[in-house]
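In what follows, chains carry the letters A, B, and so on, assigned in the order in which the sequence lines appear, proteins first and then strands, with residues in each chain numbered from 1.
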Amino acid sequence: MNKTRQILVTAALPYANGPIHIGHLVEYIQTDIWVRFQKMRGHRCIYICADDTHGTAIMISARQQGVTEEEFISHIHREHQSDFSGFDIEFDNYGSTHSEENFALCSEFWTAIEKAGLVKEQDIEQLYDPEAKTFLADRFVTGTCPKCKSESQYGDNCDKCGGTYSARDLVNPRSTLSGTKPEIRTARHLFIELEQLHTFLDEWTQSGEHLQPEIANYLRGHFLGEPFRDWDISRPAPYFGFEIPDNPGHYWYVWFDAPIGYVASTLQWCKLHGENVDDWWRNKACEIHHFIGKDITYFHTLFWPGMLKTAGFCLPTKVHIHGFLTVDGEKMSKSRGTFVRAATYLKHLEPGYLRYYYATKLSAKVDDIDLNLDEFVSKINADLVGKVVNLASRSAKFVQQQGLSDTYPEDGGLFAHAAKEGDLIASAYELCDYSQAIRRIMALADGANPYVEQNRPWELSKDPSKLGQLQDVCTVALNLFRQIAIYLAPVLPRLAIQCEQLLGEPVTDWKQSQTPLTGSPVNPFKHMIHRIDKPKVQAMIDESRDDALETTSDNVSSDSGDALAAEPLAEEITIDDFAKVDLRVARVIAAESIPEARKLLKLTLSLGGAQQRTVFAGIKAAYQPEALVGRLVICVANLAPRKMKFGTSEGMVIASGPGNSEVFLLSPDEGAVPGQRVH
RNA sequence: GGCGGCGUAGCUCAGUUGGUUAGAGCAGCGGAAUCAUAAUCCGCGUGUCAGGGGUUCGAGUCCCUUCGCCGCUACCA
């Protein structure tokens, strides 16, 4: 038989800067299913996670709320834990990177990395905000692009011309924190020379064992072909994180201490359970599996193995990488209401629905998965309610008096066939190909319902002489149901419990699927899974949209300061300065998409009469050209024409928003006519 | 532009190391049943497997190429 494995499983540490949403849940559910499966198989398996709590972003968020960082992250910690438990995600330990265990382990890693000669010091020039008293990461600086002179561009690159540069080169830079002009300061940073581990990482990533093939290819194409850049691992004070013991005033960069949090959280668990952390992290017999999203591939497949290797820990057995979630084919969006928080979902729907739906979509590939809301409803109603639960619901009440038959009846080989399928289903779970596992399980349900149909228990029940036959038929139906519930237990733990409540036997082990249950009582059937009403899904979407709107509505107290912070107020001007800008109402009379352009639409505007302007606007991602024709917009009519790649733009259409799909055109209230000036 | 991925029935997707008339679920149409949460059962699918070329006795499956979509990254990979 298969021997007992020792398996350590982690999911990525969620950043303690906001609530969990349905996109995050893809990973935690995927991982939870895998862990529950391994536990049912009798393996020794623990599921480790923690909040990722350090870094500038959290420091800033805490400041904005006027609380200490510790208060801020502990609030989020509680929120995250309740979100996860609401979805039946069962961590063995959910820690925090802001823990004494993590500090101790970071020190241990650090000492080993220094001893290996991988650390070097270098002075770098960086922008400093004297008012906020902090160095500024690129995303906290805006200014005018040194290449194309576009205004309010972020630190390291320009979305207008695509140019890249250093934040120090920005013309007229501003700190997004205080709005003041940053000064250039020199600071000493510590770097890890990852290049020294290049040969090792070539071998480890390309061995074919630890990574999905497309990931190995990606690394080969992007990073392995040239020397690795040094990794800037320290941040000068002030920084919310751990101060580096032998470098006072310097802190480990959040991405240094975050993965070590996996080990630290394991250590916490070990302390609680009288175990030794080395038995998990320095034991070749222990498998280590990381589940992550594709966005953090780089850290987990290059830096992290390098760190583990250098510090003498075991390397991951496998890094399982998944894609992103889209909703109805599009990126999750706050304005569309598809950016659904875990807590909002739970107000409207059962967690099992989402667990099951994700399971039907997940494979071992890195592909994005789509949450199609119509399909979501029909899958739950058709598969779970119509096929699976229906087996119990249509047979249990006939045998409440007698219970199950004492010997398992002849069933035409259905149970034996489904038992045999158990191996294939198990190997699909093992390989993270849940969609295949579910397909196989549903095929069993598709085989079971016709059995009930052919044997007509509802007719047998009317004839007292056929009581034994009735009991047999229901014994088969309930056993087929139980078998399916066992196979689905990693995905639907609540269904397994309901199965126990009905048949009196706890579902704990995969092997239970191989032997039918006989001679035991049957309890009254209770509803197990309610059908989904589409309106409930819609209500969830509506509430999510409302949540998002609240932050931009007239409810001043709940408006976030993010937008203003991202683009601080400009210098004061006089009324005369303003009068120089001639804003006019204009009607869009033609709008065409330029195939080669990623952002631009070509608009033809009418200012009334024969006055027309051709204007290129960077709104392609946000508006369909057809939808614009006929509407009124506000245009800067006296802006100097500008030659662009696809023609000359004779003006500018006024819009707000950060860019891409988040662009909002301004339009006048009803009654305005083209040509009117805006005063 | 580079790299990676994808492109199979109206929708969501399976198609194992190339091998008989390419599959499932949902939706749709027709019928049956009425035990069950209007759940279930039976029947109904001629899709240039994105286009073209090649390798092969044989390709959705391998190679080349074109087109389209997605992601990452950019006058470096």
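- The distance from atom OH of A/Y451 to atom P of B/rC35 is 18 Å, rounded to the nearest whole Å.
- For A/K387 and B/rC41, the NZ to C1' distance is 12 Å, given to the nearest whole Å.
- For B/rG71, the paired base is B/rC3 (Watson-Crick or G-U wobble, both distances below 3.5 Å).
- The separation between A/M528 atom CE and B/rU37 atom P is 13 Å, rounded to whole Å.
- Under the Watson-Crick or G-U wobble criterion, with both distances below 3.5 Å, B/rC29 is paired with B/rG43.
- Residue contacts shown for A/V389 include a base, since a base heavy atom lies under 4.0 Å away.
- For A/K294, whose side chain is taken as the heavy atoms from C-beta onward, the closest listed nucleotide among B/rU40, B/rU37, B/rG71 is B/rG71.
- The partner of B/rA9 is absent, by the rule that a Watson-Crick or G-U pair needs both atom distances under 3.5 Å.
- Counting to the nearest Å, the P atom of B/rG23 and the CG atom of A/D446 are 17 Å from each other.
- Listed nucleotides B/rC41, B/rG25, B/rA33 differ in distance to A/R456; the shortest reach to its side chain belongs to B/rA33.
- Ring-plane geometry between A/Y253 and A/W231 is classed as perpendicular, the angle between the planes exceeding 60 degrees on a 0 to 90 degree scale with a lower cut at 30.
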Legend entry - Verdict with supporting geometry, A/R494 and A/E500, salt bridge (Lys or Arg N to Asp or Glu O under 4.0 Å): CA-CA 10 Å; A/R494 292 187 191 191; A/E500 172 186 351; over 6 Å; no
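- Side-chain atoms of A/E459 lie closest to B/rU34 of the nucleotides B/rU34, B/rC35, B/rC26.
- For the pair A/K379 and A/Y356, the cation-pi criterion (under 6.0 Å, within 45° of the ring axis) is not fulfilled.
- In this entry the distance linking OH of A/Y356 with P of B/rC26 reads 10 Å, nearest Å.
- Judged by centroid separation below 5.5 Å and plane tilt below 30°, A/H527 stacks onto the base of B/rU37.
- As a whole-Å value, the separation of A/N455 CG from B/rA33 C1' is 14 Å.
- Within the model, atoms CG of A/D446 and NZ of A/K387 stand 4.0 Å from one another, a figure rounded to the nearest 0.5 Å.
- Look at A/R531 and you'll find a side-chain N or O under 4.0 angstrom from OP1 or OP2 of B/rA39.
- With both pairing distances under 3.5 Å, B/rU55 is matched to nothing as a Watson-Crick or G-U wobble pair.
- Residue contacts shown for A/F398 are limited to sugar-phosphate atoms, with no base heavy atom under 4.0 Å away.
- A sub-4.0 Å separation between OP1 or OP2 of B/rC35 and a side-chain N or O of A/K397 is absent.
- When ring centroids are compared, A/F398 and A/W458 stay outside the 6.0 Å threshold.
- Here A/I529 lies in heavy-atom contact (under 4.0 Å) with a base.
- For the pair A/R440 CZ and B/rA24 C1', the computed distance is 12 Å after rounding to whole Å.
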Inset, instruction - Assign a letter to each nucleotide of nucleotides 3-15 of chain B from its 5' end: B, base within under 4.0 Å of a protein heavy atom; S, sugar-phosphate only; -, no contact. - result: B-S------SSS-
Legend entry - Full working for side chain to side chain contact (heavy atoms under 4.5 Å, CB included) between A/H530 and A/E350: CA-CA 9 Å; A/H530 290 92; A/E350 295 293 314; 5.7 Å; no
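- One can place CG of A/L460 at 15 Å from C1' of B/rA33, the figure rounded to the nearest angstrom.
- Taking 4.0 angstrom as the limit, A/K526 places none of its side-chain polar atoms (N or O) nearer than this to OP1 or OP2 of B/rU37.
- Across all strands, A/M442 comes closer than 4.0 Å to no nucleic acid atom at all (heavy-atom distances).
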Inset, instruction - In sequence, state the C-alpha distance, the side-chain angles, and the governing distance for A/F87 and A/Y28, and then conclude on ring pair (Phe, Tyr, Trp, His ring centres under 6.0 Å). - result: CA-CA 9 Å; A/F87 276 89; A/Y28 300 97; over 10 Å; no
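- At a threshold of 4.0 angstrom between heavy atoms, the contacts of A/N390 include nucleobase atoms, whether or not backbone atoms are also involved.
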